[in-house]
Amino acid sequence: MSPIDLLNTTCSDLEQAKAKTTALLTERQAGYSLSQPLYNDPHMFRIDMEEVFEREWLFMGMSSEIPKRGDYITVEVGQNPVLIVRDANGDINAFHNTCRHRGSRLCSKERGKVANLVCPYHTWTYDLKGNLLFAGTEMGDGFDMREHGLRSAHCRVAGGFIFVCLAKHPPESDFDEFLATLDEYMEPYDVDNTKLAVESTLIEKANWKLVLENNRECYHCEGSHPELLNTLLEWDDTEDPRAPQDFLDHYAEQAAQWDAENIPHKHKSFGLRNRIVRMPLKKGTNVMTMDGQSACKQLLGRIKNHQLGSMRILHLPNSWNHMQSDHFIVFRVLPISAQETMVTTKWFVHKDAVEGVDYDVDRLRHVWDATNDQDRVLAEENQRGINSRAYTPGPYSTTYEFGVINFVDWYSNSVLANLATSSLK
């Protein structure tokens, strides 16, 4: 079903989908994968968009992507085009990317720079805070420009991460605590003095939840990710029940070096939604490259230790990230349809690093290009199998797949809670 078809879904169909979603999530067996319709049904997908992606805080991009006044990025969240722009005061604002005249998108490029926001259709003009400045001369004496500014979206920035919520009322949770910790843990990287080196976008023919489930476990890593396992230790975090003593000893040695440099590293979790933890890489390796050696000659921020490991940042429903000594990598997941998902990966380096001198783009991205494509195949094959009439929910491993269990629990609890309060959107 196309996005337009989804818009034409009748109220009756939508109410039936909500009731079915509620029943499936309420009756699901804990520790098992979800029922088939939750992975492939277009009506269920619409529920996901309305109750997750239009109501939860979403990771959109990094503040260093829009360093100066008038710099902007755009993101499509389902049927909702979003515009994120830095204003003259240096603040970052998020707006619905739709003109208050007749609804045309204001900015059609993924990124750019403007003095003001001018609609290409009839030249209605807004300042960078969303105030309407010009609406022509034919709107009549009763027209009040103050009532026709851009519709804003909730926007928060912490540690250089930009989060946007499209709901009327953002979810009440421990999000503020997470943002404060993110500021603290990202301080050594000085994100404002980084730049986007390169990015990639994959369209995976799989439901967005399968993309997240694949990310939340490394059960599949040994047989699928040879490039990644050159440097990555498969343990999910410092509390992974599978972690052997030699890993814990390795972590303790690395942690002593991080403490000496005042680098935060202790595991921090905020419910099932958000988590920050610094993990060492394999002994003798610095970053996630094919040989494990540094990818950029310039270290980030105040960092002096090449063996900083990878600080992993999880933000549900749509992001996981790896912060390293000389570059960092952010991942953004956005659903397109019931069985199609966009995964965007961005690599950042010090803003003064020179391509071809301080870093080589191919070397920088090689490991995660390979890993992303391998994960794409896994997710797509997972989707094809789930589409079978023979599929029934299967059990997760409580050790190897506890991260998947946490994600599915978070998803189920969030959707049920949001459906119960849908009238407050």
Side-chain angles (χ1 to χ4, degrees), residues 28 31-36 38-40 44-45 48 52-53 58-59 200-237 240 242 272-275 277 279 288 310 312-322 329-346 365 367-388 391-412 414:
R28 75 182 183 92
Y32 277 66
S33 58
L34 298 169
S35 298
Q36 185 185 65
L38 293 167
Y39 291 120
N40 67 6
M44 301 292 182
F45 173 73
D48 277 3
V52 178
F53 284 85
L58 305 176
F59 168 65
S200 73
T201 297
L202 284 178
I203 305 299
E204 302 191 10
K205 296 186 182 302
N207 185 273
W208 71 274
K209 295 187 290 296
L210 295 179
V211 174
L212 264 294
E213 287 189 37
N214 173 266
N215 171 261
R216 299 315 312 131
E217 51 91 357
C218 211
Y219 193 9
H220 67 279
C221 288
E222 185 173 354
S224 301
H225 296 321
E227 295 86 356
L228 183 61
L229 291 186
N230 283 337
T231 57
L232 183 74
L233 292 166
E234 66 176 279
W235 323 123
D236 190 62
D237 57 43
D240 193 315
R242 300 169 298 141
L272 299 178
R273 183 195 315 258
N274 296 302
R275 188 198 67 190
V277 61
M279 292 285 283
M288 295 175 182
S310 168
R312 304 177 185 180
I313 301 171
L314 171 68
H315 173 70
L316 299 179
N318 78 320
S319 183
W320 62 86
N321 311 277
H322 287 280
I329 315 164
V330 300
F331 302 83
R332 185 184 67 206
V333 174
L334 292 171
I336 298 174
S337 68
Q339 300 185 48
E340 197 171 27
T341 304
M342 177 186 294
V343 179
T344 300
T345 307
K346 300 180 181 183
R365 63 186 292 176
V367 167
W368 276 105
D369 273 349
T371 303
N372 285 342
D373 194 56
Q374 291 152 2
D375 280 334
R376 176 191 61 79
V377 173
L378 293 171
E380 291 179 351
E381 291 302 320
N382 196 181
Q383 182 71 66
R384 291 187 181 100
I386 283 175
N387 289 342
S388 167
Y391 168 79
T392 56
Y396 297 122
S397 165
T398 56
T399 51
Y400 280 88
E401 296 172 300
F402 69 92
V404 184
I405 294 173
N406 289 346
F407 164 65
V408 172
D409 286 348
W410 174 84
Y411 164 78
S412 302
S414 298

Please determine whether side chain to side chain contact (heavy atoms under 4.5 Å, CB included) holds for the pair Phe402 and Asp240, giving the CA-CA distance in whole Å, both sets of side-chain angles, and the decisive distance to 0.1 Å. CA-CA 9 Å; Phe402 69 92; Asp240 193 315; 3.8 Å; yes

So Ser310 and Leu232, side chain to side chain contact (heavy atoms under 4.5 Å, CB included) or not? Walk me through it. CA-CA 9 Å; Ser310 168; Leu232 183 74; 5.8 Å; no

Find the distance between [atom1] ([X]) and [atom2] ([Y]) and round it off to the nearest 0.5 Å.
X	Y	atom1	atom2	result
Lys346	Ile329	NZ	CD1	14.0 Å
Thr344	Leu334	OG1	CG	6.5 Å
Arg273	His315	CZ	NE2	7.0 Å
Tyr391	Ser35	OH	OG	7.0 Å

Could you tell me if [Y] and [X] have a donor-acceptor pair between their side chains, going purely by distance under 3.5 Å?
X	Y	value
Ser33	Tyr39	no
Asp375	His220	yes
Gln339	Asn387	yes

Is any side-chain heavy atom of [X] closer than 4.5 Å to a side-chain heavy atom of [Y]?
X	Y	answer
Pro393	Arg28	no
Asn215	Phe407	no
Val333	Trp320	yes
Leu212	Tyr411	no
Ser224	Leu378	yes
Arg376	Asn214	no
Cys218	His225	no

Run Val404 and Tyr219 through side chain to side chain contact (heavy atoms under 4.5 Å, CB included) and show every step you take. CA-CA 11 Å; Val404 184; Tyr219 193 9; over 6 Å; no

Which atom pair, heavy atoms only, marks the closest approach of [X] to [Y]?
X	Y	result
Thr399	Arg242	O-NE, 3.7 Å
Tyr400	Ser397	N-OG, 3.0 Å
Trp208	Val52	CH2-CG1, 4.2 Å
Leu58	Pro317	CD2-CG, 3.7 Å
Ile203	Glu380	O-OE2, 4.0 Å
Thr398	Ile405	CA-CD1, 4.1 Å

Does [X] use its side chain to pair, donor to acceptor, with the backbone of [Y] at less than 3.5 Å?
X	Y	value
Gln383	Asn207	yes
Asn318	Phe59	yes
Asn372	Trp368	yes
Gln36	Ile386	yes
Lys209	Leu38	yes
Thr341	Pro335	no

Could you give me the CA-CA distance, side-chain angles and deciding distance for His322 and Arg312, then say whether side chain to side chain contact (heavy atoms under 4.5 Å, CB included) is met? CA-CA 5 Å; His322 287 280; Arg312 304 177 185 180; 3.8 Å; yes

Inspect the contact between Glu213 and Arg216 and indicate whether a charged nitrogen and a carboxylate oxygen are less than 4.0 angstrom apart. no

